[in-house]
Protein chains: 2
Amino acid sequence: MIRVVLAEDQAMVLGALAALLEIEADLEVVGRAADGAQALALCEELRPDVLVTDIEMPGLPGLELAAAVKAKGLATRVLILTTFARPGYLRRALDAGASGYLLKDAPSAQLADAVRRVAAGLRAVDPELAAEAWSEACPLTERERQALRLAALGRSAPDIAGELGLSEGTVRNYLSEAIGKLGAANRIEAARIARDKGWL
Amino acid sequence: MIRVVLAEDQAMVLGALAALLEIEADLEVVGRAADGAQALALCEELRPDVLVTDIEMPGLPGLELAAAVKAKGLATRVLILTTFARPGYLRRALDAGASGYLLKDAPSAQLADAVRRVAAGLRAVDPELAAEAWSEACPLTERERQALRLAALGRSAPDIAGELGLSEGTVRNYLSEAIGKLGAANRIEAARIARDKGWL
DNA sequence: CGCGGGGCATGACATCCGTCACCCGCCCGC
DNA sequence: GCGGGCGGGTGACGGATGTCATGCCCCGCG
């Protein structure tokens, strides 16, 4: 019997996924969490074989959750289940020690199989996503990412300069760099592109 | 036995919701659709009691799907199931003839109840969402919405003018109007606010 | 009929943005 | 120890953006 903990912030989806897994005779959902911190606590307490988790969750996001589980030396394998087909996410997930990366767009029948593969110590990664993951690395520097993230919220250059402790001119330089690297026409488009790729 | 058709673009979630509903003895999932057009065809063919549908779907979005079902004179009741707690969406859903509006954040146990309520001819609307729905109407005019939507994609004023067949100055006027009405500092923030409220 | 308001446009002005050239200081490798 | 990256900064320029005043046309409504 494979013991599973589920983490997903949308309660309805959490319950539905649990129902889906419970159908399988060899799987057992032993814990459910609505956020990352709760999931981590459950993993420590219940020592499940597999943790199935979303990426975007309040508090502790899925990627950090995966890293935390590994850091604590738990034998629990992590399977990421997410909406986003973003190469950057997959790469970071694997870096964080995740064993699998499944898309919510994938057929529901694949979930149980992926859980079994991961429980057996194998990897379960969406194949077409894996291809571009290693090709497309994020070209932005840390500072450029920070500036772009704030710009995406509508902050002006002086605002951003204040929040990052930089000068206005430097902020414009970073944004200009980012715009150039991403082939965008302005900061708005650049932010869209970066978000879509998972580079935030 | 209440006959249900499910429409949801994320295959994994679609399968999981079906599993959740199939648990109930009095509910039967007779059809599944991955997009709006498919859902409409299934409703015509199968004449289900209830159609449970997401809002954001490729092709025919959920709100138009609801309107189409009603326009065809089908007895099928529509229950919207979505991520977005946006007053604008709820209002438009009810205008489109939907009988219920449930959030994916709600506990999964509520889904079956909502389906039963809707099948019985009652309404099923998230109560706290209902409150603000009638208070906050979208203050933007049609033109302002169009301009803002394009601006949100990173288009420049001249670009937008071209796409809408307006002059550049007029586009700037509309955006300025929208920024003022929404209390934003610039077009980027205005777009964020409008998106969050469901005014697009 | 008159008049107000919405949609559209123009022109002008002050900022803000995107770009470029160039500068400094620091750390790292050769 | 010295030349280059690299992070950070300055200054300037042209174009984009946000605001305001003003004007036109058209339609609905009192």
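In what follows, chains carry the letters A, B, and so on, assigned in the order in which the sequence lines appear, proteins first and then strands, with residues in each chain numbered from 1. All figures in this text were calculated on a predicted structure; none of them were measured in a lab.
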message: I want to confirm an ordering. Mapping A:Ala157 and A:Asn173 to their closest nucleotides on DNA chain C, which one lands closer to the 5' end?
response: A:Ala157
For [X] and [N], is the shortest distance between a side-chain N/O and OP1 or OP2 below 4.0 Å?
X: B:Ser156; N: D:dA16; answer: no
X: A:Thr170; N: D:dG8; answer: no
X: B:Arg187; N: D:dG18; answer: yes
X: B:Tyr174; N: C:dC8; answer: yes
X: B:Ser167; N: C:dC8; answer: no

Expressed as a whole number of angstroms, how long is the span from [X]:[atom1] to [N]:[atom2]?
X: B:Arg143; N: C:dG5; atom1: CZ; atom2: C1'; answer: 17 Å
X: B:Glu168; N: C:dA12; atom1: CD; atom2: P; answer: 14 Å
X: B:Glu189; N: D:dT17; atom1: CD; atom2: C1'; answer: 15 Å
X: A:Leu175; N: C:dC16; atom1: CG; atom2: P; answer: 15 Å

- prompt: Is any NZ, NE, NH1 or NH2 atom of the basic residue among A:Glu189 and A:Arg192 found under 4.0 Å from an Asp or Glu carboxylate oxygen of the other?
  reply: no
field: Salt bridge present between A:Arg77 and A:Asp49 (N-O < 4.0 angstrom)
entry: no
Backbone of B:Ala98 reached by a side-chain donor or acceptor of B:Arg123 within 3.5 Å: yes
